[in-house]
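Notes follow the structure.
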Amino acid sequence: MAHSARSGPGRLRRLVQGAGFVTARPLRFAFTHISRRLWAGGYNYQRNLFAALARFLPGELVPVVLAGTKAEENELAELAAIPGVEVVRSEAFDGQPGLAAALALGVDGGAAAAFRSARVDVVVEAARFFGWRLPIPAVAWIPDLQHRSLPQLFPRAARWRREIGFRVQIASGRTIMLSSESAFRDFRTCYPRAGNRVKVVRFATQPAAAFLNTDPSEVIATYKLPANYFYLPNQFYRHKNHQLVVDALTILKGRGVDVVVAASGSTEDRREPGYYDLVNSEIQQRGLETHFRHLGVIPLPHVYALLRASIALLNPSRFEGWSTTVEEAKSFGVPMILSDIDVHREQTSGAARYFAVDDPAALADHLMQAAREAQGPIVRHVIPHQDGHVRAFAANFAATMRQAAGQDEPAEVGSKR
């Protein structure tokens, strides 16, 4: 049994046909809820996407968030507060109860019923397959192909679940939505015979003003941080490469250089539950407790406050489909120290300091130089022209949804077919 909570009336578009008027309702697209605890980047992607659509295409698209009955209430309330967003709870989204039917019979009946009840026009499949006989057009959002580039980081079963999931989506003729040219190249390399329509929709963000009212100095004091620090807001997955930061801080400690890295994010990784403990053990054994500060999962206003006041954003990741933290840093003009991977180069166009993913000495050099160049406490604000980037993101996403739903066939930016 599904029920919905609606926020904000949808503005109806009027189309002239002959001498009369025909009222066309907004396009309704479904997105399954992504837990911030399990994947903060995915949750932030949804929240920023919905806010961008509400701001730049008000009333034209209605995001319908499908969530299980046990989904985090605070997260859903935050999404429902965005104008136009509807939240639907249903047992069909408690885990993946209909996956077997989707694979064997061609449709996840419980999910399909929930989509029909919510009058959904197009479904976005995010790490979930609803069946090749789903009676509603579907877009497969593939954030990245990390399991193909870094297979050693996935248990065998998890790697094959992910691979099979992508392959059945491709075989079902889904429109494929990717987040970067880097991901597009990976897709063509891994699935050269795929004839699917492929769209590149680059994510851009402009944090809501309500999240920027928190005084960074108060947040810095709350976490007992020094005025100058580097910020690393990544969950503790092995591919996020926190160990390299620990190694770089060890080098700096040996040089007598006092640098602080403030890290935030979940310690939960279902692929490798003990990874955080391993990193934390290294921090303690090397006496780096005052240099590497893990703050845990913190409120979003605190995340933005720490980002805006940091010396630089630090992202040592070995792999990204499109880095949310890099986009957030760009929106404020925060300097960046990034791993030298293709997608980071694509996102920043060379406007960052880069280091190889296995070179702690290079990272140590960047941290030392940036710390010496720091001019003291500074609080940054949203940069000019950020609206244009977010507007383009909203327009490209909307065009992809409309095209998948068969409403029109625009030649939008980012189209690959």
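Keep in mind that what you see is a predicted model, and the values were worked out from it rather than measured.
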After noting the C-alpha distance and the side-chain angles of E86 and V62, does the key distance pass the side-chain contact (heavy atoms from CB on, under 4.5 Å) rule? CA-CA 7 Å; E86 299 181 13; V62 175; 3.8 Å; yes
E181 vs R185, test: salt bridge (charged side-chain N to carboxylate O under 4.0 Å, His left out). Steps then yes/no. CA-CA 6 Å; E181 291 291 338; R185 289 192 295 272; 5.1 Å; no
Test salt bridge (charged side-chain N to carboxylate O under 4.0 Å, His left out) on R162 and D144; report intermediate values, then the result. CA-CA 11 Å; R162 188 176 169 105; D144 62 60; 2.6 Å; yes
May I have the step-by-step check of side-chain contact (heavy atoms from CB on, under 4.5 Å) for Q206 and F393, ending in yes or no? CA-CA 11 Å; Q206 183 164 336; F393 168 50; over 6 Å; no
Take E373 and R353 through the salt bridge (charged side-chain N to carboxylate O under 4.0 Å, His left out) test and state the conclusion after the steps. CA-CA 13 Å; E373 293 173 356; R353 303 173 192 251; 2.6 Å; yes
Checking side-chain contact (heavy atoms from CB on, under 4.5 Å) for the pair L49/F31: CA distance, chi angles, key distance, verdict? CA-CA 11 Å; L49 167 64; F31 226 132; 3.9 Å; yes
Would you sort out whether Y237 and H242 count as a side chain to side chain donor-acceptor pair (under 3.5 Å), showing the intermediate values? CA-CA 8 Å; Y237 297 153; H242 292 80; over 6 Å; no
Is there a side-chain contact (heavy atoms from CB on, under 4.5 Å) between V65 and V88 once you walk through the steps? CA-CA 6 Å; V65 180; V88 176; over 6 Å; no
For a salt bridge (charged side-chain N to carboxylate O under 4.0 Å, His left out) check, start with the C-alpha distance between E91 and K70, then their side-chain angles and the critical distance, and finish with the verdict. CA-CA 9 Å; E91 293 178 356; K70 299 177 182 178; over 6 Å; no
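Panel note: side chain H344, backbone S339; a donor-acceptor pair is recorded below 3.5 Å. Between the side chain of D247 and the backbone N or O of P360, no donor-acceptor pair lies under 3.5 Å. At distances below 3.5 Å, at least one donor-acceptor pair connects side-chain atoms of H291 with backbone N or O atoms of V259. R28 places a side-chain N or O within donor-acceptor distance of the main-chain N or O of R119, the cut-off being under 3.5 Å. Formation of a donor-acceptor pair under 3.5 Å by the Y229 side chain with backbone atoms of L306 is found in this model. Judged purely by atom type and a 3.5 angstrom limit, S331 uses its side chain to pair as donor or acceptor with the backbone of E328. Judged by distance alone, with hydrogens and angles left aside, the side-chain atoms of W322 form a donor-acceptor pair with the main-chain N or O of F203 at under 3.5 Å. Using a distance-only test at 3.5 Å, with no hydrogens or angles considered, a donor-acceptor pair links the side chain of R293 to the main chain of K224. Without hydrogens or angle criteria, S90 side chain to F93 main chain gives no donor-acceptor distance under 3.5 Å. R345 places no side-chain N or O within donor-acceptor distance of the main-chain N or O of D340, the cut-off being under 3.5 Å.
Using bins of under 30°, 30° to 60° and over 60° for the plane-to-plane angle, the ring pair Y276/H294 lands in the tilted bin.
Atom OG of S35 sits about 11.5 Å away from atom CH2 of W39, to the nearest 0.5 Å. Atom CG of L79 is separated from atom CZ of R47 by 8.5 Å, given to the nearest 0.5 angstrom. Separating the CG atom in D342 from the OG atom in S180 is a distance of 9.0 Å, to the nearest 0.5 Å. Put simply, CD1 on I378 and CD1 on I311 are 11.5 Å apart, with the number rounded to the nearest 0.5 Å. For the atom pair OG (S264) and CD1 (I298), the distance works out to 4.0 Å, reported to the nearest 0.5 Å. Taking CG from L313 and CZ from R308, the interatomic distance works out to 15.0 Å, rounded to the nearest 0.5 Å.
A side-chain donor-acceptor contact under 3.5 Å links N48 and T205. A donor atom on one side chain and an acceptor atom on the other are found under 3.5 Å apart for Q169 and E125. K199 and Q403 share a donor-acceptor pair across their side chains, judged by distance under 3.5 Å alone. A donor-acceptor pair shorter than 3.5 Å cannot be found between the side chains of D269 and Q235. Checking Y43 against E75 by side-chain atom types alone, no donor-acceptor pair falls below 3.5 Å. A donor atom on one side chain and an acceptor atom on the other are found under 3.5 Å apart for S323 and N315. There is no side-chain donor-acceptor pair under 3.5 Å between E268 and Y275. Side-chain contact, Y231 with T325: no donor N or O sits under 3.5 Å from an acceptor N or O. A side-chain N or O of T69 and one of D94 form a donor-acceptor pair less than 3.5 Å apart.
The shortest side-chain heavy-atom distance between R89 and L76 falls under the 4.5 Å cut-off. Counting heavy atoms from C-beta on, the side chains of F230 and S310 never come closer than 4.5 Å. P335 is listed as a side-chain neighbour of R380, based on a closest heavy-atom distance under 4.5 Å. Side chains of R55 and D387 form a contact here, defined as non-hydrogen atoms less than 4.5 Å apart. The closest side-chain heavy-atom distance from S281 to Q284 is not below 4.5 Å. T175 has its side chain out of reach of N196: every pair of non-hydrogen atoms, C-beta onward, lies at least 4.5 Å apart. With contacts defined as side-chain heavy-atom distances shorter than 4.5 Å, the pair R174/I170 does not qualify. The closest side-chain heavy-atom distance from Q96 to F129 is not below 4.5 Å.
Annotation: cation-pi pair R271/F154 present, NZ/CZ under 6.0 Å from the ring centroid and within 45° of its normal.
R37 has no carboxylate O lying under 4.0 Å from a charged side-chain N of E72, or vice versa, which leaves the two without a salt bridge. Under a 4.0 Å N-O distance rule, the pair R202/E346 qualifies as a salt bridge. Look at R36 and E78 and you find no salt bridge, because none of the NZ, NE, NH1 or NH2 atoms lies under 4.0 Å from a carboxylate O.
The distance between the ring centers of H366 and Y354 does not fall below 6.0 angstrom. Between F397 and F29, the ring centre distance stays below 6.0 Å. Close placement of the F130 and F115 rings is indicated, their centers lying within 6.0 Å of each other.
Screening residues 149-160 for side-chain hydrogen bond (donor to acceptor under 3.5 Å, both in side chains) gives no qualifying pairs among residues at least two apart or on separate chains. The stretch residues 226-243 participates, sequence neighbours left out, in these salt bridge (Lys or Arg N to Asp or Glu O under 4.0 Å) pairs: R238-E272, K240-E320.
Across all non-hydrogen atoms, the minimal contact from D121 to P26 is OD2-O, 3.8 Å.
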